[in-house]
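Note that the numbering runs from 1 along the sequence shown for the chain. One-based numbering, in listed order, for ligands and for the atoms of each.
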Amino acid sequence: MKRYLVTGGAGFIGSNYVRNLLNKEKDVSVTNLDKLTYAGNLDNLRDLENDSRHHFVKGDIGDAELIDGLVREADIVVNFAAESHVDRSIGKPDDFITTDIFGAFVLLEAARKHGVEKFIQISTDEVYGSTEGASFVENDPLMPSSPYSASKAGADRLAYSYFVTYDVPVIITRCSNNFGPYQYPEKLIPLFVTNAMDDKHLPIYGDGKYIRDWIHVIDHCDAVDFLIANGKLGEVYNIGGGNERTNLEITAIILEKLGKPESLKTYVEDRLGHDRRYSVNCAKINALGWKPNFEFKTAIQDTIQWYENNRWWWERIKSGEYLEYYKAHYGQ
Ligand code: NAD
Ligand code: DAU
């Protein structure tokens, strides 16, 4: 039985990852460590409550004593835990430095001490910075431009250094923008879908012509598993959906699907240091045999439908009800 330690597994991608892994593999156990910040949500894991292969631990990846004990019992570590929202990093970078960099360091130190089979550092395509020309390849220079992406770049390179210096079996992934169920409604797609459903304005930063490459979250999760099985240690792999769209195009899809008027679009002040376009070249992972399965047109419609069908989930977050529930359970 393979023993996974998944960090950040109560967040958007982490919870999808854990569910997908348990659905695919019978002979695995997953220890899911999450600090339950504002973005961590036990509602994301409700359907796993009775699965004896899943053990949830509330804790911080920066807590060296806790991490030491958990990594000692793990074969595979997948580090999703991070502060993940660019706008929050612009407002207050502090937690990004402590979690995204120092937290990764604590995990890597434990992996060095105890030895693990694989250590997957979930990085991001944002570490390359913006490109208006060619798509980035893995050995392009890193030019992160927000405190978020700079903290992720720090962890990305720290993980690599642990491979080179200490032989920790690290693989680093740099994925593009994910979409799908359980994404916190501060990110573009769930924010715009849930606002539009309630006839609220959709705040478009700047001219709305910023470009992101969208990938369904399950394609990202499958790519991580594919790399655990087939990736080369010490290597970086870009993961992308091949679906570059402007924010205005995404907005139009949402309004059309929900039958809402153009008048909900509201142009607002731009994000500071806003990266114009992210784009990754995925030839390296494609050459190993991985490609995304989800077709963008259908997947985005299904995702919008998921938020329509699961009002209970995002209303609890947006109304503050989840926070109340959380305080009642954890007293903070
Ligand atoms: P998210 O904000 O939804 O989830 C992050 C999770 O980490 C939350 O559950 C939070 O409680 C937990 N966490 C935060 N600080 C912690 C700490 N100190 N200790 C333990 N847990 C902590 O983010 P997400 O969108 O699911 O992203 C997950 C990872 O994937 C991040 O590392 C992010 O950088 C990376 N990534 C995200 C995307 C994307 O499009 N969302 C794309 C590429 C890479
Ligand atoms: O590229 C991968 C990254 O994608 C991940 O590493 C990050 O964790 C994840 O948050 C995401 O970062 P972005 O900044 O690209 O995602 P966000 O959803 O915040 O914004 C997407 C685009 O939409 C971006 O150009 C900013 C714009 N936007 C966003 C919001 C929240 C708006 O125009 N209005 C908004 O209200």
Side-chain angles (χ1 to χ4, degrees), residues 6-17 32-42 44-45 57-63 66-67 78-90 95-96 98-100 102-104 106-107 120-128 130 144 146 148-149 151-152 155-156 173-180 182-192 195 201-215 217 220-221 224 238-241 245-248 250-251 265-271 273-280 326:
V6 177
T7 68
F12 163 48
I13 305 175
S15 63
N16 277 289
Y17 179 78
N32 181 347
L33 172 81
D34 197 293
K35 188 177 175 183
L36 295 179
T37 66
Y38 78 95
N41 186 339
L42 292 175
N44 299 1
L45 300 166
V57 178
K58 181 184 182 294
D60 191 325
I61 56 166
D63 178 343
L66 172 68
I67 291 301
V78 189
N79 181 27
F80 289 102
E83 288 294 332
S84 71
H85 192 41
V86 173
D87 293 326
R88 287 180 190 255
S89 85
I90 294 166
D95 291 346
F96 290 77
T98 40
T99 288
D100 300 13
F102 182 76
V106 170
L107 280 165
I120 312 300
Q121 173 60 21
I122 305 294
S123 187
T124 168
D125 66 352
E126 295 202 14
V127 296
Y128 296 112
S130 187
S146 72
Y148 162 69
S149 52
S151 70
K152 291 295 292 183
D156 176 315
T173 64
R174 296 183 186 148
C175 189
S176 64
N177 283 62
N178 286 219
F179 68 96
Y182 301 108
Q183 186 168 30
Y184 195 86
E186 65 183 350
K187 305 282 168 72
L188 180 75
I189 290 177
L191 178 73
F192 279 22
N195 275 12
H201 290 298
L202 314 184
I204 296 167
Y205 298 163
D207 63 6
K209 292 180 183 159
Y210 293 86
I211 294 173
R212 299 292 183 264
D213 167 28
W214 294 95
I215 181 171
V217 62
H220 181 189
C221 297
V224 170
N238 290 339
I239 303 169
R245 299 284 186 282
T246 64
N247 297 335
L248 286 176
I250 296 291
T251 308
K265 280 162 53 178
T266 310
Y267 289 88
V268 299
E269 201 179 322
D270 210 347
R271 174 183 278 177
H274 199 167
D275 285 329
R276 195 63 168 165
R277 171 174 171 251
Y278 296 136
S279 182
V280 281
Y326 171 80

Main-chain N/O of [Y] paired with [X] side-chain donor or acceptor, under 3.5 Å:
X    : Y    : result
K152 : I122 : yes
N79  : Q121 : no
T7   : F80  : yes
D34  : A10  : yes
T246 : Y210 : no
S151 : Y148 : yes
D213 : Y278 : no
N32  : G9   : yes

With rounding to the nearest 0.5 angstrom, report the CG to CD1 distance, N247 to I204. 8.0 Å

Approximate separation, where rounding is to 0.5 Å, of N238 CG and R174 CZ: 7.0 Å

Does a donor on one side chain sit under 3.5 Å from an acceptor on the other, for S176 and D125? no

Is the contact between [X] and ligand 1 made by the side chain, the backbone, both, or neither, using heavy atoms and a 4.0 Å cut-off?
X    : answer
K152 : side chain
D100 : neither
Y278 : neither

Using non-hydrogen atoms of the residue, decide whether [X] is closer than 4.0 angstrom to ligand 1.
X    : result
L36  : yes
F80  : yes
S15  : no
S176 : yes
G62  : no
Y148 : yes

Looking at [X], which atoms of ligand 1 are within less than 4.0 Å of one of its heavy atoms?
X    : value
G59  : 19 (N), 20 (C)
S123 : 43 (C), 44 (C)
T99  : 15 (N), 16 (C), 17 (C), 18 (N)

Nearest heavy atom to [atom]: which of [options] does it belong to?
atom                    : options               : value
atom 5 (C) of ligand 1  : G240, G180, G9, A82   : A82
atom 32 (C) of ligand 2 : Y205, Y148, Y278      : Y205
atom 40 (O) of ligand 1 : N44, D125, N79, N178  : N178
atom 19 (O) of ligand 2 : R88, K209, R271, R174 : R271
atom 35 (C) of ligand 1 : D60, I122, T98, L188  : I122

Please work out which of the three classes, parallel, tilted or perpendicular, describes the rings of Y205 and H274, given edges at 30° and 60°. perpendicular

Polar contacts were defined as any N/O atom of the residue lying under 3.5 Å from an N/O atom of the ligand; does this apply to [X] and ligand 1?
X    : answer
G14  : no
K35  : yes
D34  : yes
F12  : yes
I13  : yes
G11  : yes
Q183 : no
S84  : yes

[atom]: the protein heavy-atom neighbour that sits closest, reported with distance to 0.1 Å:
atom                    : answer
atom 27 (C) of ligand 2 : N247 ND2, 3.4 Å
atom 34 (N) of ligand 2 : P203 O, 2.7 Å
atom 2 (C) of ligand 2  : D125 OD1, 3.1 Å
atom 31 (C) of ligand 2 : E186 O, 3.2 Å
atom 15 (O) of ligand 2 : R212 NE, 2.8 Å
atom 16 (O) of ligand 2 : N177 ND2, 3.5 Å

Check this for me: does any side-chain nitrogen of one of D275 and R212 sit under 4.0 Å from a carboxylate oxygen of the other? no

[X], any N or O under 3.5 Å of ligand 2 N or O:
X    : value
F192 : no
H274 : yes
S84  : yes

Just heavy atoms, cut-off under 4.0 Å: does [X] contact ligand 2 by side chain, backbone, both, or neither?
X    : value
T124 : side chain
L191 : side chain
Y210 : side chain

Quick one: which ligand 2 atoms are inside 4.0 Å of a heavy atom on H85? 19 (O)

